[in-house]
Amino acid sequence: MSDLSTAAQVHVEVRTGAYHDSVTLMQVSRSLAALDGVQAAQVAMGTPLNCEVLAAMGLAAPAGTGPNDLVVALRVQDDAARQRALEQLAAALAAPATPGEHGEQPPRTTASALRRAPAGLVVVSVPGESAMAEAMDAVQAGCSVVVFSDNVDLDQEVALKQAAADQDVLVMGPDCGTAVVHGVGVGFANVVRAGPVSLVAASGTGAQHLMSLLDAAGVGVQHCLGVGGRDLSAAVGGRSARQAMAALALDPATELVVVVSKPPADQVAEALRAHADRLGLSVVWALLGPGQPDLTVAAEQVLAALGVAVPVWPTWSPPPAPPGQGAPGGPALRGLFVGGTLCEESMLIATQVLGTVRSNLPLRPDWALEVDGSGDWDAGGAHAMVDFGADELTRGRPHPMIDPTLRERRLVHEGTDPDVGVVLLDVVLGLGAHADPATGLAAAIGQARAIAARDGRELAVVVSL
């Protein structure tokens, strides 16, 4: 089925039952948008979230579009540009799938894959509603499992981790964005030197930040066992953290363990400290929360425990602004993050000076900020920080470390807001992440600052890399 808009420059087409994975479609969308004469391009499955994004772009899908439908939405200068885009789209989507060894088709389930080739570690990266069955198959086969999938129900996470404890295997995740096992990265992993430190991480970008700091100081990492951001919550009770700590206690290459987490439940943190004592583990605790050290201080505590000097951490400063560039911007601080832990760490620091900071990851329930599926919100003139990697913004679309479209669009919007004076951004490099995040982000920063400058304002942008 297709619907061609009566506006000559808009083309919206729906292809029923034509499924393609979200990362492929993100790459195709970017390649189409780069063509001459194409002003905007979005090729995506017709999930409710993607339909919201299309509507916000002025490229609304027809009523009745569903998640099994492929939506091709273009805004073009003329018919020739539209034809070029559709021809390139056809070529990109016609690339044949590569069969497995000896020409056989890849296995369709975890259970069939394990029958074909037994394994010790299974990686599950499917939509959240399907992840439980695949991960449970791995656990019941005696395998540890990395659940990269997000949007997994909390009760399913608890049941899966209890089953893993019964089998004496480890569940990393759900929403395990980062893991390193014997130096091999899984998910969004950084390439760091091998060394005596292992991490138990209820935090993806927090773990990446710590590993990068330690590597910069000359200290390597043996393992980073990501346990999922909810593991240290009261509901999950640190089930995977306990399994991970027990495994590291048996690893002769691990001299020091770092437990890093988003703000944990107090009783869970206390129980894990007692567990570490029983295991005889040497642990540095990097548990974010009010009054607790930030991740840079935690890295320095690791160095002190190992007897390693703290280096001068790298920073970059902008060149001096030319005279008369514009009046200072508004009083509001905005943070646009792809890492949930980095967002929470920034809020914990900022609230000490600024007070209330609203967020979709609020430090207090009354500071909650409602963010819609297209990544938009209205904070008025308040300080606000948003995690674009939160479950509600990744349902049906790639994580913003892969596809930063929503954040880049919101960054440009911040340039139009006279209340905003400073924007904070994180950029996370690593295997699995976008190969060149600087190109799109630099363009969005330039556009936002130019909009503010036209209004006689200076918009400052601070990047944590």
Side-chain angles (χ1 to χ4, degrees), residues 205 208-209 212 294-296 313-354 356-361 369 371 374-390 393 399-430 433-465:
T205 50
Q208 289 185 267
H209 186 49
S212 298
D294 62 33
L295 295 176
T296 304
W313 302 116
T315 58
W316 300 265
S317 298
Q325 187 169 353
L333 172 69
R334 297 289 162 81
L336 312 179
F337 289 87
V338 299
T341 303
L342 301 181
C343 181
E344 295 204 44
E345 180 189 35
S346 296
M347 288 192 292
L348 287 164
I349 295 170
T351 54
Q352 297 176 37
V353 177
L354 300 177
T356 301
V357 176
R358 299 183 63 196
S359 178
N360 62 337
L361 295 178
L369 178 67
V371 180
S374 62
D376 289 329
W377 70 86
D378 181 9
H383 308 298
M385 299 191 191
V386 167
D387 171 25
F388 280 83
L393 296 178
H399 191 279
M401 283 166 57
I402 301 172
D403 180 5
T405 303
L406 294 186
R407 181 170 76 160
E408 290 172 0
R409 187 163 60 84
R410 182 67 198 196
L411 173 56
V412 173
H413 174 80
E414 298 297 345
T416 69
D417 190 340
D419 289 324
V420 178
V422 179
V423 176
L424 303 182
L425 303 169
D426 60 340
V427 176
V428 185
L429 306 179
H434 194 290
D436 181 23
T439 297
L441 191 58
I445 291 172
Q447 190 175 349
R449 284 171 55 83
I451 292 170
R454 285 199 298 268
D455 293 339
R457 295 179 286 109
E458 171 68 11
L459 179 66
V461 178
V462 181
V463 175
S464 174
L465 176 64

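Side chains included, hydrogens not; waters and symmetry mates left out as well; all remaining heavy atoms used.
With rounding to the nearest 0.5 angstrom, the CG atom of Leu429 is 10.0 Å from the CG atom of Asp436. To the nearest 0.5 Å, atoms CG (Leu459) and CG (Asp417) are separated by 9.5 Å. Rounding to the nearest 0.5 angstrom, the gap separating the CG atom in Leu369 from the NE2 atom in His383 is 13.5 Å. In this structure, His413 NE2 and Trp377 CH2 are separated by 8.0 Å, a value rounded to the nearest 0.5 Å. For the atom pair CG (Leu465) and CG (Leu425), the distance works out to 11.5 Å, reported to the nearest 0.5 Å.
When all heavy atoms of Val428 and Met401 are compared, the pair lying nearest together is CG1-CE, 3.6 Å. Minimum interatomic distance between Val357 and Ala350 (heavy atoms only, all atoms of both residues): CG2-CB, 4.4 Å. Heavy atoms only, all atoms of each residue included: Leu333 and Met385 are closest at CD2-CE, 3.7 Å. Residues Ala382 and Arg358 approach most closely at CB-CD, 4.0 Å, considering heavy atoms. Considering all non-hydrogen atoms of both residues, Asn360 and Ala390 come closest at ND2-CB, 3.6 Å. Minimum heavy-atom separation, Ala379 to Ala384: CB-CB, 3.9 Å.
Between the Arg334 side chain and the Val386 main chain, no donor and acceptor come within less than 3.5 Å of each other.
Under the ring pair (Phe, Tyr, Trp, His ring centres under 6.0 Å) criterion, His434 pairs with no residue, sequence neighbours left out. Listed by chain and number, the residues in a side chain to side chain donor-acceptor pair (under 3.5 Å) with Asp426 are Arg407 (sequence neighbours excluded). Partners of Thr315 by side chain to side chain donor-acceptor pair (under 3.5 Å), not counting sequence neighbours: none found. In this view, Ser464 satisfies the side chain to side chain donor-acceptor pair (under 3.5 Å) rule with no residue, not counting sequence neighbours. Annotation: side chain to side chain donor-acceptor pair (under 3.5 Å) contacts of Arg410 (sequence neighbours excluded): Glu414.
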Contacts under 3.5 angstrom, residues 341-349 side chains, donor-acceptor by atom type, not counting sequence neighbours:
| residue | atom | partner | partner atom | Å |
| --- | --- | --- | --- | --- |
| Thr341 | OG1 | Ser203 | OG | 2.6 |
| Glu345 | OE2 | Leu295 | N | 2.8 |
| Ser346 | OG | Leu342 | O | 3.0 |

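Partner Asp387 forms a side-chain contact (heavy atoms from CB on, under 4.5 Å) with one of Val338, Leu361, Thr205 and no other, that one being Leu361. Of the candidates Leu424, Val461, Leu406, Leu411, Leu336 forms a side-chain contact (heavy atoms from CB on, under 4.5 Å) with just one, namely Leu411.
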